[in-house]
Each structure stands twice: as structure tokens, then as C-alpha cells.
Chemist: 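The structure follows.
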Amino acid sequence: MKSGRAQRPPQRVIPIVAAPSGGGSCSPERRPRSLLALAGAWLRDHASLLRKLQWAVVLVYAFLLIVPACLSLPEDTARMWDNLTIFAQFVFWGIWWPFVLLSMVLFGRLWCGVLCPEGALSEWAARKGMGRPIPRWMRWGGWPFLAFVLTTVYGQLVSVYQYPKAALLVLGGSTVAAIAVGFVYTRGKRAWCRHLCPVNGVFGLLSKLAPLYYRVDEAAWKASHERTPAVDCAPLQPLRHMQGGSGCHMCGRCSDHRGAIELSLRSSSDEVVRVAEKEADGWQTALIVYGLLGVAMGAFHWTMSPWFVALKQAAAEWLVDRDIMWPLDTEAPWWLLTHYPQHNDVFSWLDGASLIAYVAATALVLGTGILISLALAVIASGRWRTQRLHHLAQALIPLAGCGVFLGLSALTVTLLKAEGFGMHWVNDARLALLAGANLWALRLAFGILSRWNGDLRRGAALLPFCGALALVDCAWGFMFWWW
């Protein structure tokens with residue numbers, strides 16, 4: 001017999017899913033839907049594995065940096081496969097740094113969050129250290145530009161690409177500084193990476209071109225009423241309002257946080273054209289125009305430039321005529337100026353001063369010419385605004401990044417040639433890369449100008465912008481000719 005009481009429908013049982021580590025939410029209704037979102041969640045859920053990978057990179061980095069510096073310099077007949085010093089030189093400057101730069105354009109700052117030994121050591125030191133707040137002086141916006149310029153010039157003075165002691169001094173000194181800053185400031189964060197790292201500004205600019213980023217849905221964030229732990233964001237990003245990827249280390253810790261953050265695809269022009277309209281500033285412009293397109297160009301030029309030789313010879317004759325001999329002295333220590341007499345590679349004070357003067361002059365002439373071209377483009381757009389100048393300068397990021405990649409990869413080519421590899425195709429590849437970077441820069445400039453004006457003014461503004469591209473191309477034309 002059936003009871004006369006109304007039967008309650010069976011209740012659907014919803015299983016309780018524990019929130020994953022890292023503060024993310026992974027309820028059935030908000031499970032990642034794309035493969036990229038799943039990849040971001042994987043990074044979040046395997047943080048311990050990534051830390052082990054970071055420590056493995058630290059060990060390899062320390063071995064290749066310290067051991068060659070303790071060995072005798074290789075003979076002229078030594079080769080990459082039978083000499084650890086030359087092998088380490090090839091790994092650091094022929095593979096490591098050029099392709100770290102390339103990875104920024106392809107994957108964003110994944111290197112910083114997953115593999116960088118300095119970042120891992122700085123964060124580790126911050127977890128053990130004093131935990132002081134970041135001081136005001138460290139927040140100064142000019143550090144990325146100044147640190148890049150000083151490191152680049154000093155690296156040339158001590159021949160960082162050629163000698164293991166110089167590499168240990170520059171790279172090892174940077175690592176020690178990263179640990180010290182981490183130990184003193186913040187609790188488990190990366191103050192060094194955020195404010196003082198010599199390549200932080202460069203990486204931040206190049207990562208604006210990456211098609212991968214962590215997309216933040218502010219509406220979903222506001223709609224979420226779950227109590228979730230705050231994300232342990234090492235580079236101290238304002239996650240809720242994060243629009244681009246230039247400051248994000250792509251570590252995945254924030255993936256699916258409040259159901260509002262996930263790894264996604266975007267147009268490679270989105271951050272430069274849209275986000276940088278308000279975010280670009282004068283220090284970024286200085287880093288692009290005077291740093292990457294000026295100082296770096298001079299640093300790559302000087303070793304083969306007849307103008308540098310003429311400058312140094314004229315200065316030497318002037319000094320000798322006036323019986324001023326101390327600038328010709330070659331007894332400076334190796335950590336101040338290159339000093340390897342066993343390889344007939346010794347810098348005098350005049351060599352050092354001439355190098356600095358040549359790099360500074362290259363940066364000043366080339367950078368100012370580019371800046372004037374950009375200013376003329378903004379004026380031709382119909383309305384002068386300083387912010388527009390900074391925004392348009394961002395369109396040069398592909399060309400700036402390509403230049404640094406070409407300069408660093410020159411050592412790759414030199415070492416491979418010494419090993420007997422045929423490299424006749426290299427200049428054609430360089431020209432193709434440079435042409436591609438020019439087209440990319442033009443595309444970005446077109447997108448930026450389209451936000452300001454119609455077709456007529458946009459076309460007028462593109463002409464002086466092409467003048468800026470021509471200046472850079474002429475400088476690289478001289479390099480290709482000398483190579």
C-alpha cells in the first residue's frame with residue numbers, strides 16, 4: 001500500500017570538491033574549459049614540482065658560472081666539445097640568453113616564473129629573511145632603464161661574453177644582489193624581480209607581444225562570494241585589475257582564482273595597442289629608444305666599428321702630443337677593465353673611456369633621431385600629447401627585441417663557425433628577421449594610430465614612423481656589412 005503522504009523527490013547529491021592549493025576554485029560549475037586553462041591549472045597544482053625544477057636550474061646555472069671561472073683560460077685550439085669554459089660560454093651567451101628573450105615573445109614571462117634561478121633564489125631568501133616593507137627608493141620607475149644601461153656598459157668594459165671571471169662577476173653579482181634584496185625586503189615575494197632586476201624592463205616590454213596571458217574577468221571576480229585565500233603572487237601584481245602580461249611571471253598560482261583568472265590566448269598586438277594607451281610611460285620609452293635601440297646597438301657595434309678605431313686613435317695622438325701618458329696605462333684590474341695579457345687582450349684607461357664615449361654617442365644620436373621621428377608622427381596625427389608619444393614608442397618593441405636577439409646570437413654564430421658548421425645562410429636569416437620585425441612594428445603603429453585618427457592623418461603619421469624604422473635599419477645594415 002502506498003502512503004497517502006506526498007513523496008519528496010530524491011535530492012541530487014553534489015560532491016564537495018576541495019579547493020586546490022594556491023587559492024584557486026575548481027568547483028564543477030567553474031572547471032577550466034580550454035586546454036590552455038587546464039595548463040594554467042596544472043602549473044598551479046604542481047607548484048612543488050616546479051620548485052624542484054627551479055632548484056635543478058639553479059644547480060646547472062651555478063656549475064656553468066662558477067667552475068669555468070676556476071679553470072685556466074682555454075688555448076686558441078680549444079673547442080666547445082672538449083673545453084668546459086667554451087661550452088659554458090656557448091650555453092650562456094649563445095643559447096641561454098638569446099632564447100630566453102625569444103621565449104618572452106612566445107610565452108610571456110614563463111621563464112621568470114618557472115625557470116629563472118635569480119627569481120627562485122630571491123623568493124627563497126625572502127621566505128627566510130627579515131620581511132621589511134619595500135622602501136620608497138626601490139619603487140622609483142627609472143631602475144629598469146638605469147640597471148639595463150649600467151649592466152650593458154659594464155659588461156662590455158670587462159668583456160663579459162668572452163671571459164668566465166667577468167661572467168661570474170656580472171651574473172653572479174646580480175644573483176648575490178637578488179638574494180640580499182630578497183632576504184631584507186618582503187615576506188616570500190620577489191622585490192628584486194619587480195623593481196631592480198637589470199632585465200626586468202626588457203622582459204616586461206617583450207612579454208607585451210606574447211599571445212599567452214592570464215585573462216582576468218572582473219565581472220566574475222565581483223560575482224564570486226567565496227572565501228578564498230589570497231594568491232601568493234611573487235611579483236606583487238594587482239590581480240583583480242591586471243590587464244596585460246608585462247608584469248606577470250606566468251607561474252599559474254592565480255589560475256582559476258575566484259573563477260575569474262585563466263590562461264588564455266590573445267592577439268599579439270592587444271597589449272601594445274590597447275593596454276599601453278594608458279600604461280606606457282616615459283621610462284619605458286627611454287628603455288626602448290635609448291636603451292634597446294641605442295645603448296645595446298652601440299655595445300654590439302663598437303668591436304668592429306672603424307669609427308671607434310678612429311675615435312681612439314685621434315684621442316691617443318692628442319694625448320701623446322701633450323705628453324699625457326697615464327690614460328694609455330694598461331694596469332687596471334680585470335674587474336674594472338678587461339685585463340688578460342696571456343691572450344693579448346688588455347684595455348687601457350683610454351680604451352675604456354673610448355668605449356663608453358662611443359656607446360653613449362651611438363645611443364644619443366640614434367635614440368634622439370628615433371625620438372624626433374616619433375614626435376613628428378604624433379604631430380602629424382593632428383594632436384600633440386606626450387602620452388601619445390609614449391604609446392607610439394611601444395610599436396618599436398618588436399624591432400628593439402629583434403636587435404638584441406641578433407646581437408646576442410652573433411656569438412652563437414661565431415662559436416658554431418669555429419666548430420666547423422657552415423653558416424653561409426646566417427645573414428639571409430638575419431635580414432628576414434629584421435624585415436619581419438619591421439613589418440610587425442608597422443602593424444602595431446597602424447593599430448595605435450587607428451585609435452587616434454582616420455585614414456588620411458594615419459597615413460601622414462606613418463611616414464615619420466617609417467623614418468624611425470629606417471634609422472634602426474641603417475644601423476643594422478652597417479653591422480651586416482661588417483659581419
Side-chain angles (χ1 to χ4, degrees), residues 51 54-55 57-70 88 92-93 96-97 100-101 104 109 111-161 163-205 233-236 247 249 251 283 287 291 295-296 299 333-337 404 408:
R51 280 193 292 270
Q54 286 174 337
W55 283 110
V57 175
V58 167
L59 293 175
V60 173
Y61 172 78
F63 177 81
L64 293 177
L65 198 60
I66 296 171
V67 174
C70 300
F92 270 127
W93 307 114
W96 191 311
W97 280 107
V100 164
L101 291 176
M104 298 296 154
R109 299 183 67 168
W111 162 264
C112 297
V114 176
L115 296 172
C116 178
E118 272 194 10
L121 288 169
S122 186
E123 185 177 348
W124 170 79
R127 295 188 186 282
K128 309 289 183 181
M130 303 166 65
R132 292 183 179 177
I134 297 175
R136 185 175 179 180
W137 64 265
M138 194 184 295
R139 299 177 187 272
W140 179 53
W143 285 122
F145 170 73
L146 186 62
F148 173 79
V149 169
L150 293 179
T151 303
T152 300
V153 174
Y154 180 65
Q156 296 300 308
L157 291 173
V158 296
S159 299
V160 68
Y161 301 145
Y163 297 105
K165 284 186 178 180
L168 178 60
L169 178 65
V170 175
L171 298 180
S174 177
T175 302
V176 170
I179 295 172
V181 169
F183 184 81
V184 175
Y185 299 108
T186 76
R187 181 66 67 189
K189 307 298 182 184
R190 298 187 178 188
W192 168 264
C193 304
R194 173 71 184 269
H195 298 289
L196 299 177
C197 174
V199 289
N200 170 52
V202 178
F203 288 173
L205 290 174
C233 181
L236 299 162
H249 284 193
C251 61
W283 285 117
L287 181 56
V295 169
W334 67 269
W335 47 265
L336 190 58
L337 292 173
V404 178
L408 288 175

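Just the heavy atoms: all of them, side chains too, but no hydrogens, waters or symmetry mates, feed the values below.
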Chemist: Parallel, tilted or perpendicular, judged at 30° and 60°: which one describes the rings of Trp140 and Trp143?
Modeler: perpendicular

Chemist: Determine whether Asn200 and His195 make a side-chain contact, defined as any pair of heavy atoms from C-beta on separated by less than 4.5 Å.
Modeler: no

Chemist: Minimum heavy-atom separation for Leu287 to Gly201, with atom names?
Modeler: CD2-C, 3.5 Å

Chemist: Kindly say whether Gly119 contributes a backbone atom to a donor-acceptor pair with the side chain of Arg190 at under 3.5 angstrom?
Modeler: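 Here the side-chain-to-backbone pair exists.
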
Chemist: Should we say atom CZ of Arg132 is surrounded by more than 12 heavy atoms from elsewhere, each under 6.0 Å from it?
Modeler: no

Chemist: Under 30°, 30 to 60°, or over 60°: which ring-plane class applies to Tyr61 and Phe92, parallel, tilted or perpendicular?
Modeler: perpendicular

Chemist: Taking only residues two or more places apart in sequence, or in another chain, which ones meet Ala299 in a side chain to side chain contact (heavy atoms under 4.5 Å, CB included)?
Modeler: Thr152, Gln156

Chemist: Quick one: pull up CZ in Phe203 and CE in Met104 and give me the separation to the nearest 0.5 Å.
Modeler: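 With rounding to 0.5 Å, CZ (Phe203) is 4.0 Å from CE (Met104).
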
Chemist: Mind checking whether Cys112 and Cys193 have side chains closer than 4.5 Å, heavy atoms only?
Modeler: no

Chemist: In Å and rounded to the nearest 0.5 Å, what is the OG to CD distance from Ser174 to Glu118?
Modeler: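 So the gap between those two atoms works out to 3.5 Å.
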
Chemist: Testing the basics here: between Gly172 and Leu65, what is the closest heavy-atom pair and its distance to 0.1 Å?
Modeler: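 Reported closest heavy-atom pair: N-CD2, 3.7 Å.
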
Chemist: Could I get the full list of ring pair (Phe, Tyr, Trp, His ring centres under 6.0 Å) partners for Trp335, not counting sequence neighbours?
Modeler: none

Chemist: Under the side-chain contact (heavy atoms from CB on, under 4.5 Å) criterion, do Ile179 and Trp192 qualify, and how do the steps go?
Modeler: CA-CA 8 Å; Ile179 295 172; Trp192 168 264; over 6 Å; no

Chemist: Can you give me the closest heavy-atom contact between Val158 and Tyr163, atom names plus distance?
Modeler: O-CD1, 4.5 Å

Chemist: What's the shortest heavy-atom distance between Ala191 and Tyr185, and which atoms?
Modeler: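 Looks like CB-CB, 4.4 Å.
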
Chemist: To the nearest 0.5 angstrom, please state how far the CG atom of Leu115 sits from the SG atom of Cys251.
Modeler: 12.0 Å

Chemist: Apply side-chain contact (heavy atoms from CB on, under 4.5 Å) to residues Val404 and Val202 and explain how you reach the verdict.
Modeler: CA-CA 10 Å; Val404 178; Val202 178; 5.8 Å; no

Chemist: Does a side-chain heavy-atom distance below 4.5 Å link Trp283 with Pro144?
Modeler: no

Chemist: Checking Thr175 side chain against Leu171 main chain: does a donor-acceptor pair fall under 3.5 Å?
Modeler: yes

Chemist: Can you see which heavy atom on Gly113 is nearest to which on Gln54, and at what distance?
Modeler: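 Where Gly113 meets Gln54 most closely, the heavy atoms are O-NE2, 3.0 Å.
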
Chemist: For Trp96, does the CH2 atom have more than 12 heavy-atom neighbours from other residues, nucleotides or ligands under 6.0 Å away?
Modeler: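 Yes, the 6.0 Å shell around CH2 holds more than 12 heavy atoms from other groups.
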
Chemist: Is there side-chain contact between Tyr154 and Val160, with heavy atoms separated by less than 4.5 Å?
Modeler: no

Chemist: Would you say that Trp55 contacts Trp124 through its side chain, given a criterion of any heavy-atom pair below 4.5 Å between the two side chains?
Modeler: yes

Chemist: Check whether any side-chain N or O of Arg127 sits under 3.5 Å from a backbone N or O of Phe183 as a donor-acceptor pair, and report yes or no.
Modeler: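 Answer holds: no.
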
Chemist: For Ala69 versus Leu168, what's the shortest heavy-atom pair and its separation?
Modeler: CB-CD2, 3.7 Å

Chemist: Not counting sequence neighbours, which residues clear side chain to side chain contact (heavy atoms under 4.5 Å, CB included) with Leu236? List them please.
Modeler: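 Residues passing side chain to side chain contact (heavy atoms under 4.5 Å, CB included) with Leu236: Ile134, Lys189, Arg194.
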
